Amino acid sequence: MKFSDDQSAAFDAIAEVMRASGIDLVEESFSPPDEGAAAQVAAVLGKAGSGKTALLAKIAEGLHEAGLDLIGGDYEPGRKRTRRSFAVLAPTNKAASVLRSAGVEATTIHRILYIPVYDPQYELIAKWLSEKGAPKPEVEGVTDEMLDRAHAFYQTQKSIPGALAAAGLRGSDFIKGWTRRDEALDVALVDEASMLDDKQFEDLKEIFSTLILFGDPAQLAPVGQSGEMIFDKLPEGRRLTLSRIHRQSADNPILDLAHALREGVEFHEFEREIERIAENDPRVVVAPRADPDLMARAPMLCWRNATRIRLIQGFRTAHNAPADDLTAGEPLICDGIELPLKHRKKRIDLEARGLIKGAQVIYLGAGRKGGFARLHVVGAETPSISAAAIIKIEAPGLEEPYIPSAARMGAAFVHGAATTIHKAQGSQWPEVQVFAPDIFAAAQAGRVEAGAPLWRRLAYVAVTRAQERLIWVTRWRLSKPTTSLGVSDLP
C-alpha cells in the first residue's frame, strides 16, 4: 500500500520504537528480548478515516514478516525463549470482529490475559494442527475423518477451537478451564485505545514490553477517567497524529458528517448538514420514526439513561414481547460479572468466552438448568454459549427491573435494543440509528468534556458507529416491525 506523508512519518516513528526493543521492521529481523529493558509505549492518533487501521494492519504484517509469532488468544504451542511475539488487541468482541473483517487477526484484551487449559488428549490434536512436523495423533473417540475435517478448517482459519468444533467436538470437551497468563509477551497493537482505563493499561504493561496504541482523541473518555484518555499522559514525542483523510474515505457521507463536527459548529447547523446530505445520498437518512427491526440487531444510540429505558419499552411493545419473559432473538448487553472473589476461575471462564462488560448478546432461549440462558455472543470467535445469567428488564416507572432469568450469581445483562453512546464506543454496525432528541438535549445542557462541548463528542461517536448507513431519528415514534423476533439470521 502507498502511505500518505503522515502515515509514513508515523510508521518510521513506530519502526524506531520497535528497533529500540530489538525488532527491525525494515530488515525483517529480530534479536532475543532484553528482559531488563523498560516498557516502550507509543500512540497513533487520528479521527475516523485518517488511516489508523491501515497503518495498524501494515505494522502487524511487518511484525509477522520479521518472524514474530502471532498470539491470538487461542491455543498456544510451547515457545522457545529466543522467539518473539505480538498480538493485535481490542477492548471489545465487536471491535475485534471489525478488525478481523478487515483482514487483521485480532482478539480481545481479556482473551490475551487468560490462557485456555486443554485436555491433554485433545491438546495432541492442537499440536498436530499448529506445529510443523507434529505427528497425526490417535485420540480415543476421534476418527480420521474428524481429524481431516479439523485439518481442512485450520488451513482456512487459524483457530484451534474452530477446527475442533468442525471435527464435531464441543468446547467443554477440550477446554477444561482458563488461567491467568503469567509469562511475558513482546508487542501489542491495541485498537480503540480511547476506551482503555487505567486498570486495563496497567494489565497490558505487565504482559507486553512494547505497546502501540491506536485511538481517536475526538471520542468520549472512559467513565471515571475525568475526560482523560490513556494516551493523553504520553510525552509529546510518543503521540503520533494522522490528519489526512484518505481517498477511500473521501466519498463517505458518514465520515463527512463526523468531520463536520468542527470547532464552533452549533447543533442546528450540524442537523441542517445531515438533512442536506440525506437529500442526495441514501447512506444518510433522516427518519421521523425508529425502526424496531434494526433495533433487534443494532441498538438505538442515545445519551440519557431514561431515554434508553423508554426506547427498550417501545421496542418490546412493538414486538409483542411478554412483560414477564424474554423471547428468542431479543438483544442483550452484558453489564458485568456478578461473582465473589472465591469464584475467580468461573469469572475468568465467562470473560474469556466473550462475556465482558459491554458485550452484545442475542438471547437464544432458556438453558437446561435453572437460571441458565443460551446466548449468542456477537463478534466472539466461538459465539454460542450457555451461562448462568441475571437478566434485568427495565421499564419506565419501575424502581427495580424485572428479572426473568435469575441465577444466584453469574453474568448480568440489561436489554440491548437501545444503549448509551458511551457504551457503544468500540463497536460498529452496518446500520446505526441515532436518537437525535437526546443529542439536542445534550447541546441545550451546555456541558463540556475535555475542552469540547459534550454534544459534539456524543454526535461524533454516534455517527462513526455506522459502517454503511446512518439513520438520524428525529421524533419519539416507532414504526411497526416487519419481521418477528427470531434467531435464524445468526451464524
Side-chain angles (χ1 to χ4, degrees), residues 91-94 195 220 222-224 290 292 294-319 321-339 347 350-351 353-367 371-380 383 385-427 429 432-435 438 461-462 465 478 485 487:
T92 66
N93 302 302
K94 202 72 171 65
M195 296 180 65
L220 296 155
V223 176
L294 289 180
M295 291 168 72
R297 293 295 178 265
M300 171 77 73
L301 304 187
C302 59
W303 171 45
R304 297 173 292 192
N305 203 45
T307 303
R308 178 184 66 85
I309 293 172
R310 287 180 64 187
L311 289 168
I312 289 168
Q313 178 70 12
F315 168 86
R316 301 197 79 235
T317 300
H319 279 286
D324 58 352
D325 201 4
L326 280 174
T327 300
E330 288 197 66
L332 302 172
I333 293 174
C334 183
D335 200 35
I337 308 296
E338 297 186 4
L339 287 171
R347 174 186 291 274
L350 293 174
E351 291 180 340
R353 290 193 291 165
L355 288 181
I356 54 181
K357 192 175 178 69
Q360 186 187 4
V361 172
I362 307 299
Y363 180 75
L364 302 178
F372 274 65
R374 293 183 294 110
L375 306 165
H376 175 96
V377 184
V378 177
I385 67 171
S386 177
I390 305 161
I391 301 173
K392 306 170 185 177
I393 305 299
E394 301 153 291
L398 289 182
E399 291 187 9
E400 295 292 332
Y402 179 75
I403 303 179
S405 178
R408 283 197 308 114
M409 52 190 178
F413 299 91
V414 295
H415 206 279
T419 191
T420 60
I421 295 167
H422 273 90
K423 287 188 176 180
Q425 283 201 144
S427 296
W429 296 271
V432 166
Q433 298 182 91
V434 178
F435 192 67
D438 252 26
V461 172
R465 299 312 91 198
L478 201 69
L485 285 170
V487 297

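Source: prediction; values computed, not measured.
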Any side-chain heavy-atom pair of [X] and [Y] under 4.5 Å:
X	Y	value
Pro401	Ile393	no
Leu332	Val414	no
Thr307	Phe435	yes
Arg297	Val378	no
Ser427	Gln360	no
Pro299	Gln433	no

Where is the tightest heavy-atom contact between [X] and [Y], given as atom of each residue plus distance?
X	Y	answer
Leu485	Ala296	CD2-CB, 3.9 Å
Val377	Gly354	CG1-O, 3.7 Å
Phe413	Cys334	CD2-CA, 3.6 Å
Ala418	Leu311	CB-CB, 3.8 Å
Leu364	Ala328	O-CB, 3.6 Å
Ala373	Ala389	CB-CB, 3.9 Å

How long is the gap from [atom1] on [X] to [atom2] on [Y], to the nearest 0.5 Å?
X	Y	atom1	atom2	answer
Tyr402	Asp324	OH	CG	4.5 Å
Ile390	Ile403	CD1	CD1	7.5 Å
Asn305	His422	CG	NE2	12.0 Å
Met300	Phe315	CE	CZ	11.0 Å
Gln425	Lys94	CD	NZ	15.0 Å
Asp438	Ile421	CG	CD1	7.5 Å

Please assess Ile362 against Leu375 for the test side chain to side chain contact (heavy atoms under 4.5 Å, CB included), listing each intermediate value before the final yes or no.
CA-CA 6 Å; Ile362 307 299; Leu375 306 165; over 6 Å; no
Residue list, salt bridge (Lys or Arg N to Asp or Glu O under 4.0 Å) with Arg316, at least two apart or on another chain:
Glu330
Partner set under salt bridge (Lys or Arg N to Asp or Glu O under 4.0 Å) for Arg465, not counting sequence neighbours:
none
Apply salt bridge (charged side-chain N to carboxylate O under 4.0 Å, His left out) to the pair Glu400 and Lys392, showing each step before the final yes or no.
CA-CA 9 Å; Glu400 295 292 332; Lys392 306 170 185 177; over 6 Å; no
Charged N to carboxylate O below 4.0 Å: is that the case for Asp335 and Lys423?
yes
For Lys357, is there an ion pair with Glu338 - N to carboxylate O distance below 4.0 angstrom?
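A salt bridge is absent here (no side-chain N lies under 4.0 Å from a carboxylate O).
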Between the side chain of Gln313 and the main-chain N/O of Arg308, is any donor-acceptor distance below 3.5 Å?
no
His319 side-chain N/O to Ala321 backbone N/O, donor-acceptor pair under 3.5 Å:
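Checked: no pair found.
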Among Val361, Leu355, Ile356, find the residue that satisfies the side-chain contact (heavy atoms from CB on, under 4.5 Å) test when tested with Asn93.
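Only one option passes, and that is Ile356.
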The criterion is side chain to side chain donor-acceptor pair (under 3.5 Å); which residues satisfy it with Arg374, sequence neighbours excluded?
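Side chain to side chain donor-acceptor pair (under 3.5 Å) check on Arg374 returns nothing, list empty.
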Could you walk me through whether Thr92 and Met195 pass the side chain to side chain contact (heavy atoms under 4.5 Å, CB included) test, one step at a time?
CA-CA 9 Å; Thr92 66; Met195 296 180 65; 3.7 Å; yes
Take Thr327 and Tyr363 through the test side chain to side chain contact (heavy atoms under 4.5 Å, CB included) and record every step on the way to the result.
CA-CA 7 Å; Thr327 300; Tyr363 180 75; over 6 Å; no
